[in-house]
There are 2 protein chains.
Amino acid sequence: MPGTPRVKAPQMAIRRLSMYYRTLAVLREQGVASVSSEHLSTLTGSTAAQVRRDLAYFGSFGRRGVGYDVESLQSHMRGILGIGEGWPMALVGVGNLGSALLAYDGFPRQGFRIVEAFDSDPRRVGTVIRDVVVKPMDQVRETVRERRIAMALLAVPAKAAQAVTEQLIDAGVRCLLNFAPISLKVPSHVYLASVDLSIEVEYLSYLLRESRAEDSASNDIRTDVTTMMPL
Amino acid sequence: MPGTPRVKAPQMAIRRLSMYYRTLAVLREQGVASVSSEHLSTLTGSTAAQVRRDLAYFGSFGRRGVGYDVESLQSHMRGILGIGEGWPMALVGVGNLGSALLAYDGFPRQGFRIVEAFDSDPRRVGTVIRDVVVKPMDQVRETVRERRIAMALLAVPAKAAQAVTEQLIDAGVRCLLNFAPISLKVPSHVYLASVDLSIEVEYLSYLLRESRAEDSASNDIRTDVTTMMPL
DNA sequence: AGGAGCTTGTGATATCTTTCACGTGGCAAA
DNA sequence: TTTGCCACGTGAAAGATATCACAAGCTCCT
C-alpha cells in the first residue's frame, strides 16, 4: 500500500470512504477511468479538500496533475474497508425489521451476507427467509462459534437487546450493529454501531421546529447528512 | 423556558437529547423523581460533563446540589425535540424496508405517525398495512399538500431516490429521512438525514480489520456508537 | 444561623476535525 | 527541452466539539 497512515483516521472519514467506494463503483460502470478529488466531491456531497484528506489518511493513491485511477482507487478502498472478505453475519430478531434486513440486497452486494438468523419466538423458529433457517436463541452460542461469525445485526426489542448482546459477545461476536433504541454496553474489544430511527426522526423534528422560529431560507444546495456518535 | 441558548447546539448534542429523553421516560416509569447528570450519563453512555453541557445549550433545567427533576426535564426535552406535536409523515417505497417502517412501533410511541404511503409498483398500490392504504406515486403531490405533511421517509431503490426526493420537495416536504444508499442533493431549506446500512456495516468491517492488525484489547467498557454526518 | 456536602452551569482548556492555501510532481503541447 | 497548466498531498490555520475544574447555589443537619 502506498504511503503511510501518519495519524489515525477520524471515524467520519472512514464512513465517507464507504461513500467514495460506492461512487467509484458507479463511475466504473459508466466506463470512467479517472476522477479528480473535485469530481468525487461533487458526487458524494463532500469537498475536494476533504476527499483528498480522507484518502491521505490511508496513503497516496492519486497522481498529481491527473487525479485518481478509478479502478485502482476502488480496489484500495475495498481493501481498507474489508469489503469482499465475505464476512458472514448473524441476525438476531426476525420481526418486521429483521425480515427486511434479511431481504436487503445491499449487504450481499457489498460482500456481506447474513448466514444465520435467530429468534426467541417459537412461531418464527424454523421458518425460512431467503434461504436462511431461523433458529432458536439457545443455538446462538454453538452456531456463532462453529461458523466463526464475527458480525451480528441486532433487531430485537429494546428490552431484550442488552441480554442478547451479551449472549452474542460470549459466543465470540466482535462487531454489533444495533437497531434497538437503547444504549448498549459492550466491552472495549467489541465494536458497536447503532441505527436509531427515533433519534433520526427526532433530530429532523428538532430542525423543523427550530426553522419555524427563525425562518431564514436561502436557495443553496445542501448535501447529504448521515449520522455518527463517536466513541 | 429557563435560560437562554447562548450558542447554537452541536448536531450531536441534539441527537444525544433524544437519548436523554428516552432514558428519562424509562426512569419515570420506574418512579424515579430526580436524576443527576452523573446518573444520566451512565445510563446513556455519555459523561456527566457532556450531559450538563448538552442540556445547558437549551437552558438551565437542574437545581444545584440536587439534580434534575425527571418529569420536568423530560417535558422540556419533549418540547425542544418537537415530540408530541404529532408530525404526520409520509412513506415512499413499500418494499421490505418500507413495510417494516410502517410497522415500526417506535414512531407512534414518540408521537410520529406514518399517515400516507406511496409506491410505484401497481401490485402494491391499494394494499393496506397498519391502516395505511398504499397510494400510487402520482398522488404524492396532491396528498402531501393537502395533509400538510412536512416529513417523509424514503425507502426506494437508490436509482429512484433523487427523483422521488424532488417530487416530495416540490409537494412541500421539508424533512427527509433517506434509507437509500445514495447521497441526495436537496435545497438548503430542506433537512435531510440518512440511514445507510452499507456504511454502517462497512465501518464495522473496517474496525474489525484494523483490530486484527494491531490487536490490542483491554477490558474497559465501551459505549454506544451511533452515527452522524454533519451538514 | 452556619457549615458540610453535593451537583449544577460555565469559563477556560484541550482535543479533534475541517478548511485553506501552496509546494510538489506530473502531463501535454510547442 | 521548456513552458504552462493541472491536481494531489499536506503543513498550518481555523473552527467545532468535548473535557476539565471550579464558583455558585441548593439542602440538610446541627
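Here is the naming used below: chain letters follow the sequence lines, and residue numbers restart at 1 for every chain.
Rounded to whole angstrom, the span from the CG atom of Leu55(B) across to the C1' atom of dA18(D) amounts to 15 Å. Atom NE2 in His76(B) sits about 16 Å away from atom P in dT8(C), given to the nearest Å. The NZ atom of Lys8(A) sits 14 Å away from the P atom of dT15(C) (whole-angstrom rounding).
Checking the phosphate oxygens (OP1, OP2) of dG9(C), a side-chain nitrogen or oxygen of Tyr68(B) falls inside 4.0 Å. The phosphate of dT7(C) has neither OP1 nor OP2 within less than 4.0 Å of any side-chain N or O from Ser36(B). Neither OP1 nor OP2 of dA16(D) sits under 4.0 Å from any side-chain N or O of Gln11(B). At dT17(D), none of the side-chain N or O atoms of Gln50(B) fall inside 4.0 Å of OP1 or OP2 (strictly under the cut-off). Dashed line: the shortest gap from a side-chain N or O of Ser37(A) to OP1 or OP2 of dA7(D) is not under 4.0 Å.
Remark: Glu85(B) CD is packed, more than 12 non-hydrogen atoms of other residues, nucleotides or ligands lying under 6.0 Å away.
Considering only side-chain atoms of Pro10(A), the nucleotide from dA18(D), dT10(D), dT17(C) that sits closest is dT17(C). Proximity note for Tyr57(A) (side chain, C-beta onward) versus dT18(C), dT17(C), dT10(D): the nearest is dT18(C). Taking every side-chain heavy atom of Arg16(B) into account, dA18(D) is the closest of dA18(D), dT18(C), dT17(C). Ranking dT19(D), dT10(C), dT10(D) by closeness to the Arg52(B) side chain, first place goes to dT10(C).
Taking 4.0 Å as the cut-off between side-chain N and carboxylate O, Asp196(A) and Arg22(B) count as a salt-bridged pair.
Between the side chain of Arg53(B) and the base of dT17(D) there is no donor-acceptor pair of N/O atoms closer than 3.5 Å.
Using modelled atom types, one finds a donor on one side chain and an acceptor on the other under 3.5 Å when comparing Tyr20(A) with Asp54(A). Side-chain polar atoms of Arg174(A) and Ser211(B) form a donor-acceptor pair below 3.5 angstrom. Side-chain atoms of Glu202(B) and Tyr206(B) form no donor-acceptor pair, as typed in the model, at a separation below 3.5 Å.
For the side-chain contact (heavy atoms from CB on, under 4.5 Å) test, residues two or more places apart in sequence or in another chain that qualify with Thr165(A) are Leu154(A), Ile169(A), Leu176(A), Leu184(A), Val186(A).
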TODO: Do nucleotides 23-30 of chain C as a string where each nucleotide becomes B, S or -: B if the base has a protein heavy atom under 4.0 Å, S if just the sugar-phosphate does, - if no protein is that close.
DONE: BBBSS---
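Using five terminal pairs a side, the axes of the helix from dA1(C)-dT30(D) to dA30(C)-dT1(D) at its two ends make an angle of 0°, given in steps of 10 degrees.
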